[in-house]
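Since this is a predicted model, take the numbers as computed values, not measurements.
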Amino acid sequence: METLKMIHSRKAIRKYSGQLNDNQLHQIILAANAAPVSLGSYDDYRLTVIQDQQVLSQITGIYNAPTLIVVSAKDPTKAEYVSAGAIVHNMELAAEDQGLGANYNMGSIHLIPNTVLPDGFTALFALTVGQTSEEFSPKDISDDRIKLNIIK
C-alpha cells in the first residue's frame, strides 16, 4: 500500500476475527525496531507480545483482541513516552499494511499484569492487533482538522 493512501485509510479497529500469523507478527516487530527512539537508546525499551487468552482476559478495554503488544521502558521520562508512541505508530502502520486491524491503547496499560513485563519496566503504550473483516479505504480528510499557524 502506498504510504499516504495507507495513512488516509487508517482507522481504529475494535472488532477482531482471528489471530495474526507468525510472519505478520514478525513484520510488525521489524517495524517497531525501525522506529526512532530518543537518543537511539533502544536498550531502554522492551516489547512484550501477549497472546495468552488467560492473560488477555484480565485486561479490559482491548476489544477481545487476540494479540496485545506492549511497549515498556525502565524509569520512563517524557522522552520514553514519545518514543513509545513512535514505536506503536510504526507497528500500527505495519499491521494495516498487511490488512490486519489494530488500535492504539494507553487506557488499559495499567491493567497489564506486572508478571508479564520484564523486571523494572513500566508499560507505556500498547497496540491491539488481529485479523479483521473491516475494509480500509482512503477517507477525505480536511487539511484544517488541526488548526495551522505558518510563520514565514
Can you name the closest pair of heavy atoms from Thr132 and Gly101 and give their distance?
CG2-N, 3.5 Å

Transitive ILVMFWY side-chain link Tyr16 to Phe136, under 4.5 Å:
yes

For the residue pair Ile112 and Leu68, establish whether any side-chain heavy-atom pair is separated by less than 4.5 Å.
yes

Going by side-chain heavy atoms closer than 4.5 Å, which hydrophobic residues are tied to Leu148, directly or by a chain of links?
Ile150

For Glu96 and Ala102, the nearest pair of non-hydrogen atoms, with its separation, is OE2-O, 4.4 Å

For the student: nearest non-hydrogen atoms of Val71 and Met91, plus distance
CG2-CE, 4.0 Å

Can you establish whether the number of heavy atoms outside Asn64 located under 6.0 Å from its atom CG is more than 12?
no

Taking only distance into account, with no hydrogens and no angle test, what donor-acceptor pairs under 3.5 Å do side-chain atoms of residues 104-111 form with protein atoms, sequence neighbours excluded?
from	atom 1	to	atom 2	distance (Å)
Tyr104	OH	His89	ND1	2.5
Asn105	OD1	Gly107	N	3.4
Asn105	OD1	Ser108	N	2.9
Asn105	ND2	Gly61	O	3.0
Ser108	OG	Thr60	O	2.6
His110	ND1	Gly107	O	3.2

Of all the heavy-atom pairs spanning Gly130 and Leu20, show the shortest one and how long it is.
CA-CD2, 4.3 Å

Please report the shortest heavy-atom distance between Leu25 and Gln51, naming the atom on each side.
CD2-NE2, 4.4 Å

Do Val129 and Ile87 land in one hydrophobic cluster if side-chain heavy atoms of ILVMFWY residues count as linked below 4.5 Å?
yes

Beyond-backbone contact of Thr67 with Ile28, side-chain heavy atoms, under 4.5 angstrom
no

Distance in Å, Glu134 CD paired with Ser9 OG, rounded so as to fall on 0.5 Å steps
12.5 Å

What distance do Tyr63 atom OH and Ile13 atom CD1 have between them, rounded to the nearest 0.5 Å?
11.5 Å

Test side chain to side chain contact (heavy atoms under 4.5 Å, CB included) on Arg46 and Leu117; report intermediate values, then the result.
CA-CA 9 Å; Arg46 295 294 184 273; Leu117 297 176; over 6 Å; no

With the side chain counted from C-beta on, respond yes when Ile7 and Thr3 share a heavy-atom pair under 4.5 Å apart, and no when they do not.
yes

Same apolar cluster: Phe121 and Phe125, side chain cutoff 4.5 Å
no

Joint hydrophobic cluster, Leu56 plus Val116, side-chain heavy atoms closer than 4.5 Å
yes

Which heavy atom in Val70 sits nearest to a heavy atom in Ala123, and how many Å separate them?
CG1-CB, 3.7 Å

Give a yes or no on whether the backbone of Glu135 and the side-chain of Lys11 come within a donor-acceptor separation of less than 3.5 Å.
yes

For a quick check under 3.5 Å, do Gln27 and Gln98 share a side-chain donor-acceptor pair by atom type?
no

Check whether Leu100 and Val49 end up in the same hydrophobic cluster, where Ile, Leu, Val, Met, Phe, Trp and Tyr are linked by side-chain heavy atoms less than 4.5 Å apart.
yes

Please tabulate, one pair per line, all N/O donor-acceptor pairs under 3.5 Å involving side-chain atoms of residues 77-85, not counting sequence neighbours.
from	atom 1	to	atom 2	distance (Å)
Thr77	OG1	Ala79	N	3.3
Thr77	OG1	Glu80	OE1	2.4
Glu80	OE1	Thr77	N	2.6
Ser83	OG	Ser38	N	2.8
Ser83	OG	Tyr45	OH	3.3
Ser83	OG	Ala79	O	3.1

Taking atom CG of Asn23 as the centre, does the number of heavy atoms from other residues, nucleotides or ligands within less than 6.0 Å exceed 12?
yes

How far does CG of Asp97 sit from CD of Glu2, to the nearest 0.5 angstrom?
11.0 Å

If only atom types and distance count, is the side chain of Lys139 paired as donor or acceptor with the main-chain N or O of His8 below 3.5 Å?
yes

Measure the spacing between CG of Leu127 and CG of Asn103 and express it to the nearest 0.5 Å.
7.5 Å

Over 12 non-hydrogen atoms of neighbours within 6.0 angstrom of CG in Asp22:
no

